[in-house]
Every structure is written in C-alpha cells, then in structure tokens.
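Written below as structure tokens is the structure these notes are about.
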Amino acid sequence: MRHKKTKLHSLVAVGILGIIVLSVFIFGSDPVISTNEAIPDSRVIAQTAYPGVDIVTEIHDERMYYIAIHYPTFKDESLNEQMCKYVSSSKKIFFDEVAQKKKYLNELPASLYILFDIHPVTQDVYSIVFHVESYVMGANGAQSSKVFIVDVNENATIQQTEILVDNEQNRNKLYTLLLNEFEESKEYKPFFFKEELKKWIEDENNRFSHMFIRDHSIVFKFDKYVVTAGAAGSPEISIPLEKLKELLTDEWQKRLNLIEVDSKMDEPNTPPTAEEDLKGSESPGKRQVALTFDDGPHEINTLKILELLDKHNAKATFFMLGNRVDFYPGIAKEISKRGHELGNHTWNHKNLKALNEEEIDKEIQMTSDAIREATEKEPTVFRPPYGGINNQVYNATSLPLVLWTVDTKDWKTRNARKVLNEVKNNVEDGSIVLMHDIHSATVEAVDLVLQYLEAEDYECITVSELNIE
Ligand code: ZN
C-alpha cells in the first residue's frame, strides 16, 4: 500500500483510498500548487452498476481555477496506479499552464474537467475512455483523450495490439475501412484529411492506443487535429466487430464470441484421432490421458502450468503459435526442457481452410523454424487452429495431425470449476483434453484437473505417447 512519497503525490492520494483527510506533507513537494490548493474540496467514492468498478470524484474550487475529476477505481492497486498516473499527469499539465498564466486568471478562472465513459466488453473487461478538457485563458479549450482496456479479473490493462493483429496487411485493410467511414460521414467528411489518415496508419509508433470496444463495435477515436480539422472535434469511427473479425487475434475473436470453436468436426474430413487409434489396444494398466495446451506460450501462465505438471509428475503437449514462440523463446525452451511434447499450431492462428497451399505451408514452416530455434528440437505434432481441416490442410505437413476429444471450453467459461466439470464429465481412457495455457483461469483449472486425474488413477502423457500405445 505504500508508494514513494516524493513522486506522484496524487497517486499517493488515491493509494490511500478511504482516508479522507490527506496529510499536508504529501503535497509539500509540488512546486506549483500550495498545500491548500491541492486538497480537494470534496472527494467521493461511489459505486457503479459495473461489478469491480467504483468512481472517484474530486472537486477543487479555487479562486483561480475549478477542477472536476472523475475516474474509476478498482480492487486492484496496480490498476488504480495506472488510472491515477494518468489523472495526475493531466493535472500536472494543467497546473503548469495555470502557474504560467497565473496573473491573468483572476478575472477568468481556469478549469479542468476529467471525465470518463465506461463500456463493458466482456464479463470482466471494460473499455475506459477518458476525456480531458481544460480552459486556461482563451476561448479554445484543450481536449485530449485516453483509453484503457481493463480486465478486472486478470487485474491488468490490455494493449490494443493484443486485440488487433498489427501487421501490414491488417493496416491496409484498416485504412480502407476507416477511409470509407470518413468519406461516408456527413459529420466528418468536410473536415477530413485523407493524407493524415494515411500517415496515421503508416506510423510505426501507432499502437492504436485510442482504439476500444463498445457495443459490439471497435471504435477508433482520434484526438482533435489528428486526421481532421479542429472543427470536427475528436472524431470517433465505429466499425462493427464482424467487419473486423479477421483482423483480431484468435484470443479476442474467441473472447468476443466471434468464433465458436467447433469441437465436433465434420466427419468426412476428420483424420482419425488418437482415441480412435487407441480403441481395441487398451492396456489393462493405468488409464491414460493427454492434456494439450494451445495458443501459448504465455509469459506467466505457461510457467505456472509447467510447475503444476511437474508437481503431479504429468507430461503434456503444447501446441504453440510461432509468433508467440518468437516472443517468448525462453518459455518454449522451458516446456521442452521439462520433457513435454512440442506441437505446431501455426504462426498466428489463421483459419487454414481460408488459405492457399503456399500460405498454409508458410504458417507451418515458420512455426517449426521458431520452435526449432527456441528449443533445438523439432515439433512432433500439428494442430490446425479451430480444428479447421480440409484436404489441403491435411496434406500440408508430414507431422501427425492431432485434434481433441474433450473440449474444456476454458477460453469461454474462464472458470476453473467449469473446466474441471467438463473433464470429469467427459474424460476416459485415451482422451485428448483441449485447454489453453494463456488464461489465468486455466492455470487454476489445471491444478484441479491434475488432482482429479491423480485421484482417479489416470496417467498424464503426451499425445504421441498416447498414439504409440
Ligand atoms: Zn488455437
């Protein structure tokens, strides 16, 4: 709960939420504001209709300025720090300007408004959109905005590039979509600068940080003057999620329910699963199950799962995405070091059924290369994203193609108990269980699942071991 007192005094102010009287020394270091001026006249925390989110309201009513600030507060302190850091930096900009223009402010006090909107995205995720408006002399106020996408279950903010796959192809598509929207908008068209949008989309530093999700659409918010003349204000372009679906990461297509993973594959195209191979050759010994983890490696959750597997002497198979291996080679190496099986799950989780032969080949090859580079081992099995198979996919690699027999739906429920129940209700000797090592709820689930399987006298082995039996 303790913060460094020398820095970010406002941050401290919120760090001790609930304490109404703030000590004078907290604000003593500020060069601009006197102690009296920094203490809000009122500071209220109110509940919202959104679970896990409350609102802090701070009012400062002074001779030279008026400030009204609203910002969300969460159970998690690191999230609160991010909000406060932003609020205090906005305040600082304002106070610096107030200090500069102090002598003019007796007649017309300056004002600062920090407001925010909150839009639920999924059960645990909210788009928090700040709007800051300040007037310090002069009629034209300054406006700015800031977006936080907050996961109150994971206690983390989500970067926009975790949602949107940022590559050249997608930027081009996005440019076309945004261009259409601007040109069709009566409101913005007269003020719109096409070249500025082009510059914006081509800017390497563009992290789409003003993008957020609202009402089943992705909203691109532009600060004043970025792609339009001042008269257009801060334009917001809203594009339905369905139109942008293919630009989103697999995880987010799933989280936004844009894709239903079909656990019952079309029979004609489905190669025999390990389970079917196994039928008739069951040994009288221990029952066996292959746990499989897709879409990783994840910098935290995969490591936690590795610990749990070790604890229970269990082996598993990790179907990794090439681009994530590229990001986290150390974790891929750890998976390999601990004796688990390495699986290829393509480079960035495209539906291979929509690609041509050359593209499919590239998806698989690049991933095998990344795995080899990270682990000094070859992947030994392949699983296509979404279990999407046609003859072309089937023939694209010599690696054995592996689907699953038990879909835990962990990506959807994000609930360890529910995942455990899926396993309990469906697991049998020879099952291949599908999970995703990128979710924290799955980490909890793995703990429960491993305990259950151990109690039921199951042995956890890799997919290939299951095949050989
Ligand atoms: Zn996947």
Side-chain angles (χ1 to χ4, degrees), residues 3 5 7-24 26-50 52-102 105 108-119 126-137 141-150 152 157 209-210 212 221 223-224 234:
H3 293 285
K5 283 172 197 157
K7 281 192 240 167
L8 299 169
H9 40 261
S10 307
L11 196 154
V12 177
V14 175
I16 48 176
L17 276 181
I19 299 175
I20 291 161
V21 180
L22 300 170
S23 309
V24 168
I26 295 173
F27 296 98
S29 62
D30 196 286
V32 176
I33 329 158
S34 79
T35 309
N36 286 337
E37 286 167 333
I39 298 173
D41 297 329
S42 72
R43 187 160 185 286
V44 178
I45 302 170
Q47 285 186 335
T48 70
Y50 304 106
V53 191
D54 290 339
I55 299 179
V56 180
T57 300
E58 248 184 63
I59 306 286
H60 305 248
D61 195 357
E62 297 294 328
R63 187 171 48 84
M64 276 191 294
Y65 58 80
Y66 175 80
I67 299 177
I69 298 173
H70 306 266
Y71 59 91
T73 176
F74 307 93
K75 288 189 192 81
D76 179 68
E77 211 190 327
S78 65
L79 284 178
N80 291 339
E81 272 184 36
Q82 292 189 61
M83 301 302 125
C84 293
K85 204 171 161 185
Y86 171 68
V87 167
S88 72
S89 74
S90 302
K91 271 168 148 177
K92 186 179 184 310
I93 293 168
F94 175 76
F95 281 131
D96 285 352
E97 217 183 333
V98 165
Q100 269 178 30
K101 296 176 180 164
K102 220 166 182 167
L105 296 175
L108 184 68
S111 59
L112 171 70
Y113 299 88
I114 302 179
L115 309 162
F116 74 97
D117 288 315
I118 181 162
H119 309 287
Y126 299 102
S127 297
I128 307 282
V129 183
F130 276 101
H131 182 75
V132 176
E133 227 170 303
S134 67
Y135 298 86
V136 185
M137 296 260 309
Q143 295 169 3
S144 63
S145 55
K146 168 95 181 164
V147 172
F148 291 97
I149 301 172
V150 173
V152 294
T157 49
S209 59
H210 281 44
F212 61 96
K221 193 173 170 69
D223 270 348
K224 207 172 173 179
S234 314

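Quick note: numbers below take in every heavy atom, side chains included, and nothing from hydrogens, waters or symmetry partners.
- Panel note: side chain Asp223, backbone Gln143; no donor-acceptor pair is recorded below 3.5 Å.
- Taking every heavy atom of both residues into account, Val136 and Leu105 meet most closely at CG1-CD2, 4.2 Å.
- Nearest approach of Ile55 to Thr73, heavy atoms of both residues: N-CG2, 4.3 Å.
- Every residue was checked against the side chain to side chain donor-acceptor pair (under 3.5 Å) condition with Lys146, not counting sequence neighbours, and none meets it.
- Side-chain contact annotation: His131 with Ser145, donor-acceptor N/O pair under 3.5 Å absent.
- Taking the side chain as every heavy atom from C-beta outward, Lys91 and Ile69 approach each other to under 4.5 Å.
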Evaluate the side chain to side chain contact (heavy atoms under 4.5 Å, CB included) criterion for residues Val132 and Phe94: first the C-alpha distance (whole Å), next the side-chain angles of each, then the deciding distance (0.1 Å), finally the verdict. CA-CA 10 Å; Val132 176; Phe94 175 76; over 6 Å; no
For Phe148 and Phe116, what are the C-alpha separation, side-chain angles and deciding distance, and is it a side chain to side chain contact (heavy atoms under 4.5 Å, CB included)? CA-CA 10 Å; Phe148 291 97; Phe116 74 97; over 6 Å; no
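- Closest approach of His70 and Phe130 over heavy atoms only: O-CE2, 3.8 Å.
- For the pair Leu112 and Ser90, the tightest heavy-atom approach, listed with the atom from each and the gap, is CD2-O, 4.5 Å.
- The shortest heavy-atom contact between Ser209 and Val147 is O-CB, 3.5 Å.
- Residues meeting the ring pair (Phe, Tyr, Trp, His ring centres under 6.0 Å) test with His210, sequence neighbours left out: none.
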Should Phe74 and Val53 be marked as a side chain to side chain contact (heavy atoms under 4.5 Å, CB included) after you check the CA-CA gap, both sets of side-chain angles, and the distance that decides it? CA-CA 5 Å; Phe74 307 93; Val53 191; 3.9 Å; yes
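- The aromatic rings of Tyr66 and Tyr113 are tilted relative to each other, their planes meeting at an angle between 30° and 60°.
- Evaluation of the salt bridge (charged side-chain N to carboxylate O under 4.0 Å, His left out) rule for Lys75 yields no partner, not counting sequence neighbours.
- The aromatic rings of Phe95 and Tyr65 sit perpendicular, their planes meeting at an angle over 60°, well past the 30° parallel limit.
- Atom OG of residue Ser111 and atom CG of residue Asp61 lie 11.0 Å apart, to the nearest 0.5 angstrom.
- Contact annotation: the side chain of Met83 approaches that of Val150 to within less than 4.5 Å [non-hydrogen atoms, C-beta and beyond].
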Kindly determine whether Asp76 and Val152 satisfy side chain to side chain contact (heavy atoms under 4.5 Å, CB included), including the steps that lead there. CA-CA 8 Å; Asp76 179 68; Val152 294; over 6 Å; no
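- The structure places CD1 of Ile114 at 8.5 Å from CD of Glu58, a figure rounded to the nearest 0.5 Å.
- The side-chain heavy atoms of Lys224 and Ser234, taken from C-beta on, include a pair separated by under 4.5 Å.
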